Amino acid sequence: MKKAIICFLLLIAFSSFAQEKLNVYFDFDQHELNEAAIKKINSWIAEGKDYQVTKLYGFCDWKGTNSYNDTLALKRVNEVYNFLKQSDIDVIKDIEIRGFGEDFEQSPIQGENRRVTIIYQLKSQVVATEKLPEKSKESLKDQIKSAKKGDLIKLENIYFYNNSAKVVPKSESTLYDLLCVMVDNPKLKIEIQGHICCKRPEEYEVISTARARAVYNYLIRGKIDRARLSFKGYGVSRPVHKIPEKNALEEDENRRVEILILEN
């Protein structure tokens, strides 16, 4: 059993290591691929490797409103997505597509902020998981059931609109799962903790606290006793990865909501 666990952890580490990225850059206030971007993608394709694209992240410079930049970032992502599909690049069915707008650590060189990051892996390096025993991800209900006082549990798939505390619609199912867990476990008390990425320490409380409060308010609306809940924003004080992050993947893992078990 011990040997199997070690092998499983090594496979996970290998799979994570296989993730690579390619950045393509856009002209100011444009979402169409320019000549340089097309040339860069075509040169990447011409290497003839067995690429499999897993994520597409879009970014903008700071000029313009947050709402405008959010939309522009997603238009850029869509442009790259369509180009990859037309070029017969393997894009996974459940690809993660996100637009960060201007809500990330901006480079002083504005041209570097106007980009789409293509995150991919080589299919030849992907672990053949179908040959391994199927391991389902532990549900929030099961995690809570086995949790003890002081344990931290990350809420998976909680996403917010850029630079705001408004939860995106696809996160509603996770919030509902948390509400159900609170109803089913009347002795459970938690602290909701918000964390962000890419921000300077003096800015930390604004967004991280607001996002933790948003989860708190959702539970209150669901008739959960306030005495069982508290919330706090930790900003960038407890990052999973050192700030500034090296890439979009690290930014994504730093940007999270967790619950601390106070009583169970």
Side-chain angles (χ1 to χ4, degrees), residues 12 16 54-55 57 66 70 94-101 103-104 134-199 203-241 245 248-264:
I12 291 176
S16 298
T54 59
K55 300 180 183 182
Y57 292 156
N66 286 336
D70 290 348
D94 56 345
I95 183 172
E96 180 181 340
I97 290 177
R98 297 186 65 186
F100 291 89
D103 186 21
F104 64 100
E134 190 68 27
K135 184 177 177 67
S136 59
K137 197 160 189 176
E138 191 176 21
S139 67
L140 179 61
K141 180 179 179 180
D142 290 335
Q143 290 182 71
I144 293 293
K145 186 176 180 180
S146 60
K148 299 177 182 178
K149 182 178 179 179
D151 285 352
L152 270 174
I153 298 174
K154 179 183 177 182
L155 295 180
E156 300 291 344
N157 303 316
I158 289 287
Y159 301 112
F160 297 85
Y161 287 105
N162 291 332
N163 204 32
S164 81
K166 186 178 180 181
V167 179
V168 300
K170 68 178 180 179
S171 298
E172 288 288 337
S173 61
T174 300
L175 290 174
Y176 182 72
D177 287 343
L178 178 59
L179 176 61
C180 291
V181 165
M182 297 298 297
V183 171
D184 292 341
N185 298 271
K187 293 183 180 180
L188 177 63
K189 294 184 179 181
I190 62 173
E191 178 185 80
I192 303 159
Q193 301 183 351
H195 305 270
I196 59 173
C197 76
C198 328
K199 296 289 185 180
E203 299 173 319
Y204 78 92
E205 284 196 59
V206 178
I207 297 178
S208 63
T209 301
R211 289 178 173 176
R213 184 189 293 112
V215 177
Y216 170 88
N217 288 338
Y218 178 90
L219 297 176
I220 294 298
R221 291 194 299 271
K223 308 302 181 184
I224 301 301
D225 189 344
R226 295 173 187 269
R228 300 172 57 197
L229 305 170
S230 60
F231 64 90
K232 187 172 182 179
Y234 287 89
V236 296
S237 64
R238 298 183 179 182
V240 175
H241 302 284
E245 297 86 351
L249 287 173
E250 291 190 357
E251 291 173 0
D252 197 39
E253 291 181 2
N254 279 344
R255 185 189 298 106
R256 67 197 190 279
V257 175
E258 297 173 322
I259 57 173
L260 172 67
I261 305 300
L262 301 177
E263 289 185 27
N264 193 7

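Keep in mind it's a predicted model, so treat the numbers as computed, not measured.
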Visitor: Under 4.5 Å between any side-chain heavy atoms of Val215 and Ile259, yes or no?
Guide: no

Visitor: Tabulate below the donor-acceptor pairs under 3.5 Å that side-chain atoms of residues 180-191 make, not counting sequence neighbours, or state none.
Guide:
unit_1	atom_1	unit_2	atom_2	d
Asn185	ND2	Val181	O	2.8
Glu191	OE1	Gln193	NE2	2.7
Glu191	OE1	Tyr234	OH	3.1

Visitor: For Lys232, I'd like to know if atom NZ has over 12 heavy atoms of other residues, nucleotides or ligands within 6.0 Å.
Guide: no

Visitor: Once you round to the nearest 0.5 Å, how far does OG of Ser146 lie from CD1 of Ile153?
Guide: 7.0 Å

Visitor: First locate atom CG of Leu175, then atom CG of Asn157, and finally report the distance between them rounded to the nearest 0.5 Å.
Guide: 11.0 Å

Visitor: Any chance you could measure Ile261, atom CD1, to Asp151, atom CG, to the nearest 0.5 Å?
Guide: 6.5 Å

Visitor: How many angstroms lie between NE2 in His195 and NZ in Lys154, if you round to the nearest 0.5 Å?
Guide: 10.0 Å

Visitor: Restricting to non-hydrogen atoms, name the atom on Leu219 and the atom on Leu179 that form the minimum distance, rounded to 0.1 Å.
Guide: CD2-CA, 3.7 Å

Visitor: Find out whether Arg256 and Arg238 are in side-chain contact, i.e. whether some heavy atom of one side chain is under 4.5 Å from a heavy atom of the other.
Guide: yes

Visitor: For residues Ile95 and Thr54, report the shortest heavy-atom separation together with the two atoms involved.
Guide: CG1-O, 3.2 Å

Visitor: Using atom types as modelled and distance alone, determine if a side-chain donor or acceptor of Asn264 lies under 3.5 Å from a backbone N or O of Ile144.
Guide: yes

Visitor: Does any non-hydrogen side-chain atom of Ile220 lie less than 4.5 Å from one of Arg226?
Guide: yes

Visitor: Is the backbone N or O of Ile196 less than 3.5 Å from a side-chain atom of Ser208, with the two atoms forming a donor-acceptor pair by type?
Guide: no

Visitor: Which distance, rounded to the nearest 0.5 Å, do you find between the OH of Tyr218 and the CD of Glu172?
Guide: 5.5 Å

Visitor: Tell me the closest heavy-atom pair linking Ala214 and Ala165, and the distance in Å.
Guide: CB-O, 3.5 Å

Visitor: If you measure from CG on Asp177 to CD on Glu156, what distance do you get to the nearest 0.5 Å?
Guide: 11.5 Å

Visitor: State, to 0.1 Å, how close Val257 and Ile192 come at their nearest heavy-atom pair, and which atoms those are.
Guide: CG1-CG2, 4.0 Å

